[in-house]
Amino acid sequence: MGARLEAFLCEALRYSSFVPVTIPHATTADVQLDGFYIPRGTVVFINQWSVNYDPAKWKDPHVFDPGRFLDAEQRLDRDRAAGVMIFSLGKRRCIGDQLAKLQLFLFTAILLHQCAFEPNPAECLTMDCVHGLALKPQPFTVSVRPRGESEGLFLGQLQGKET
Ligand code: HEM
């Protein structure tokens with residue numbers, strides 16, 4: 001279960017690429033890179049979206065497929081997971097990446113364990129987003145209800161039993 005959730009989150013980060021380009025930086029010296037000359041003081045971004053949708057790196061990049069991160073034994077393929085670029089690269093890469101991944105895992109696991117989600121049938125779901133430094137989903141509504149009431153799966157009930 002843990003590996004499947006991790007794979008799902010990797011694919012959500014790759015597919016959404018919700019930080020499509022990184023914070024701008026500038027070169028501090030003239031740079032020669034892959035045949036390109038970049039003069040000192042040039043503003044540069046990393047296009048994370050293009051890395052996450054590179055067909056040479058990802059099979060069918062426009063398909064949402066968490067299974068691409070699982071190996072034959074259904075374990076998380078850590079090399080492949082590390083290939084997703086959302087926290088940038090280099091000296092100024094995000095320092096909160098491990099904390100962010102941990103929070104995403106716990107947050108999603110608890111929500112999925114405790115709640116059932118249903119989309120609003122009156123709304124048409126879309127991957128179109130509101131553009132900015134980070135991409136945000138278009139406004140949408142969702143029904144959330146507690147899961148497993150009769151089975152006593154609620155966190156509060158479980159905690160109540162322990163005390
Ligand atoms: C999924 C969540 C997150 C994403 C996608 C993300 C992504 C990024 C990106 C793309 C950068 C820019 C790197 C660059 O300048 O090239 C960045 C920088 C940074 N992030 Fe995050 N971040 C996330 C969560 C967090 C968290 C939870 C923290 C702190 C606890 C954090 C702290 C920082 C800091 C301090 C920088 C600036 C690093 C520097 O300029 O040296 N981030 N992040």
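Numbering of ligands and ligand atoms starts at 1, following listing order.
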Polar atom proximity, Ser88 to ligand 1 (N or O, under 3.5 Å): yes

Arg92, any N or O under 3.5 Å of ligand 1 N or O: yes

Proximity winner for atom 18 (C) of ligand 1, if only heavy atoms of Ala12, Ser17, Ala134, Cys94 are counted: Cys94

Give me the nearest non-hydrogen protein atom to [atom] as residue plus atom name, then the distance to 0.1 Å.
| atom | answer |
| --- | --- |
| atom 27 (C) of ligand 1 | Gly96 O, 3.9 Å |
| atom 3 (C) of ligand 1 | Phe87 CE2, 3.4 Å |
| atom 34 (C) of ligand 1 | Ile95 CG1, 3.8 Å |
| atom 12 (C) of ligand 1 | Ile23 CD1, 3.6 Å |

With heavy atoms of [X] as the reference, note each atom of ligand 1 found under 4.0 Å away.
| X | value |
| --- | --- |
| Ile86 | 5 (C), 7 (C), 10 (C) |
| Val19 | 5 (C), 10 (C) |
| His25 | 14 (C), 15 (O), 16 (O) |
| Phe18 | 1 (C), 5 (C) |
| Ala100 | 1 (C), 2 (C), 24 (C) |
| Leu99 | 30 (C) |

Work out which heavy atom in [X] is nearest to a heavy atom in [Y]; give both atom names and the distance.
| X | Y | value |
| --- | --- | --- |
| Pro61 | Asn52 | CB-O, 4.4 Å |
| Gln74 | Ala3 | O-CB, 3.6 Å |
| Cys10 | Val84 | O-CG2, 4.0 Å |

Test item: Phe87 and Thr22 side chains (from C-beta on) under 4.5 Å apart, heavy atoms: no

Criterion side-chain contact (heavy atoms from CB on, under 4.5 Å) on Leu13 and Phe18, from CA distance to verdict: CA-CA 7 Å; Leu13 293 176; Phe18 74 92; 3.7 Å; yes

Counting distance only, does the side-chain N/O of [X] pair as donor-acceptor with the main-chain N or O of [Y] below 3.5 Å?
| X | Y | answer |
| --- | --- | --- |
| Glu11 | Arg68 | no |
| Asp77 | Arg80 | yes |
| Gln48 | Ile86 | yes |

Geometric cation-pi criterion Arg14 and Phe64, 6.0 Å radius, 45° cone: no

